[in-house]
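See below for the structure under consideration.
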There are 2 protein chains.
Amino acid sequence: MAVTSGTKNRTRQAILDAAIDLLAENPGCSLGDIAAAAQVGRTTLHRYFAERADLLAAVAIEGGQRLVRAARLAELDRGTGGEALMRLCREYFDLGPLLSLIFSEQGGECWESQDERLLGDVIERGHRDGSIDGGLPSEWILSVLWSQMYAAWSYLGERPDSSRHDVLDLLIRTLSNSLTPRQPAAAQPVRNKGGQSQ
Amino acid sequence: MAVTSGTKNRTRQAILDAAIDLLAENPGCSLGDIAAAAQVGRTTLHRYFAERADLLAAVAIEGGQRLVRAARLAELDRGTGGEALMRLCREYFDLGPLLSLIFSEQGGECWESQDERLLGDVIERGHRDGSIDGGLPSEWILSVLWSQMYAAWSYLGERPDSSRHDVLDLLIRTLSNSLTPRQPAAAQPVRNKGGQSQ
DNA sequence: CTGCAATGGAACAGTTGTGTTCCACTACGA
DNA sequence: TCGTAGTGGAACACAACTGTTCCATTGCAG
């Protein structure tokens, strides 16, 4: 099944992309706006997603898939927990407007289910290997992570002159500062790979 | 002027409070909802604020005043820039739902005008006295600040069992970690008052 | 060319929020 | 007791969005 024509797939994807873009900056935007942004008639949109709720559900699924893909790219198994988390941030940051969407409906349980557990494991690993401050509970770290990524994304959006790369650097720098234990206490066998690039 | 009866003032304030609460969790909520939350008839609400825009404007002004009050309580002149910033965070955190409101409309220029400049000065002071990482531009720090405070507030809201005090501690800890320069590099004539409290 | 898949537009009814008007009710001071 | 300030409720017209139906169109495959 699901062997719809190439045209249909393209139209569906265009609608989803537009929906993510518009819903990100205004969760209450009208279906007419989304259809227009997708360069598609409102009728066509309704043909693919009968009700608004159907579109939202599809967006949630699409978003979830992108999250999973990003997590895979981040190779969370490699290195310390802290390093893995920073790699994940880089990947997540590329999700762009989806960040706003996820962040604004953070209580929406849609995304969390799978990724929340995955991230929890990474953070716990970081706690054990000393790359993440043990005094910060994992849930709190998740909050910080998402809010910072959202902040970085909107920071970038408000400053067309600043480069994606520079903002990403600021994000990573600030985040790793937040999460790395302050004083090199006693426990870690702190090794070669320092936190900051360049 | 402005010597309206005590009743009127109380009603007006109840509406504003309810508006801040509801708009914080849903910027698109209806006037009927706000009126109900304020335990006031919709007619009465319209009597105080003819149009929705009028209510929003009043909320913005009220919010601005609370921000200014909080900034005054923080005694921004005292101590290093970093210390002053952390004190301000404590005060801002008490603003509660207003945080969500400000954060969600961050591009809304209403609040920024005065406070943005004030905070900019404090951060610059922190840059000079070495209590704030000079590699982080002031605008970026503002983004981080607001997003973290918002995250902390919603973190608290989602966990009725966690105490306001504990969350505030997490916030301060994470934030000061973010902003304090990492290695005592070489440049600063690092003075007596070290960055980390406790 | 014919036929079908995909689309866009127009029109419609239904819902929800808005802003307004009008009237009735309550409390309180003169 | 009366008058007034403050209020609440009902009703209305209006606007926007939604979901649906119907029909005309484009474009491509056979």
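The basis for the numbers below is simple: all heavy atoms, side chains too, and nothing from hydrogens, waters or symmetry mates. Note that the structure is a prediction, hence the values are computed from the model and not measured. So you know, we letter chains A, B, ... as the sequences are listed, proteins then strands, and number each from 1.
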[X] [atom1] to [N] [atom2], straight-line distance once rounded to whole Å:
{"X": "L55(A)", "N": "dC17(D)", "atom1": "CG", "atom2": "C1'", "result": "14 Å"}
{"X": "K8(B)", "N": "dA5(D)", "atom1": "NZ", "atom2": "P", "result": "9 Å"}
{"X": "L45(A)", "N": "dT18(D)", "atom1": "CG", "atom2": "C1'", "result": "11 Å"}
{"X": "N26(A)", "N": "dC17(D)", "atom1": "CG", "atom2": "C1'", "result": "13 Å"}
{"X": "R47(A)", "N": "dC23(D)", "atom1": "CZ", "atom2": "C1'", "result": "11 Å"}
{"X": "Q39(B)", "N": "dG6(D)", "atom1": "CD", "atom2": "C1'", "result": "16 Å"}

Problem - Pair F103(A) + Y150(B): ring centers closer than 6.0 Å - result: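 Between F103(A) and Y150(B), the centre distance is under 6.0 Å.
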Fill in the blank from the handout: Contact string for nucleotides 10-21 of chain C, one letter per nucleotide 5' to 3', B = base within protein heavy-atom range under 4.0 Å, S = sugar-phosphate only, - = neither, reads BB-----SBBBB
Practice task
Report yes if a side-chain nitrogen or oxygen of T11(A) is closer than 4.0 Å to either non-bridging phosphate oxygen (OP1 or OP2) of dA6(C); otherwise report no.
Solution key: no
Problem - Any donor-acceptor N or O pair under 3.5 Å, side chains S178(A), S178(B) - result: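 Result is yes, a qualifying pair exists.
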Exercise for the section: Go through the N and O atoms of the side chain of R10(B) and the base of dG6(D), and report whether any donor-acceptor pair is under 3.5 Å. Expected result: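 Such a pair does not exist between side chain and base.
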Handout entry: Gap separating the CD1 atom of I123(B) from the CG atom of L85(B), nearest 0.5 angstrom
Key =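 Between atom CD1 of I123(B) and atom CG of L85(B) there are 5.5 Å.
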Completion exercise
Among the nucleotides dA6(C), dG8(C), dG6(D), whichever has the atom closest to the side chain of Y48(A) is dA6(C)
Handout entry: Pair E91(A) + R87(A): basic N to acidic O under 4.0 Å
Key = no
Exercise for the section: Among R10(A), R66(A), R12(A), find the residue that satisfies the salt bridge (charged side-chain N to carboxylate O under 4.0 Å, His left out) test when tested with D17(A). Expected result: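 Answer after filtering R10(A), R66(A), R12(A): R66(A).
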Completion exercise
By side chain to side chain donor-acceptor pair (under 3.5 Å), D33(B) pairs with (sequence neighbours left out) S30(B)
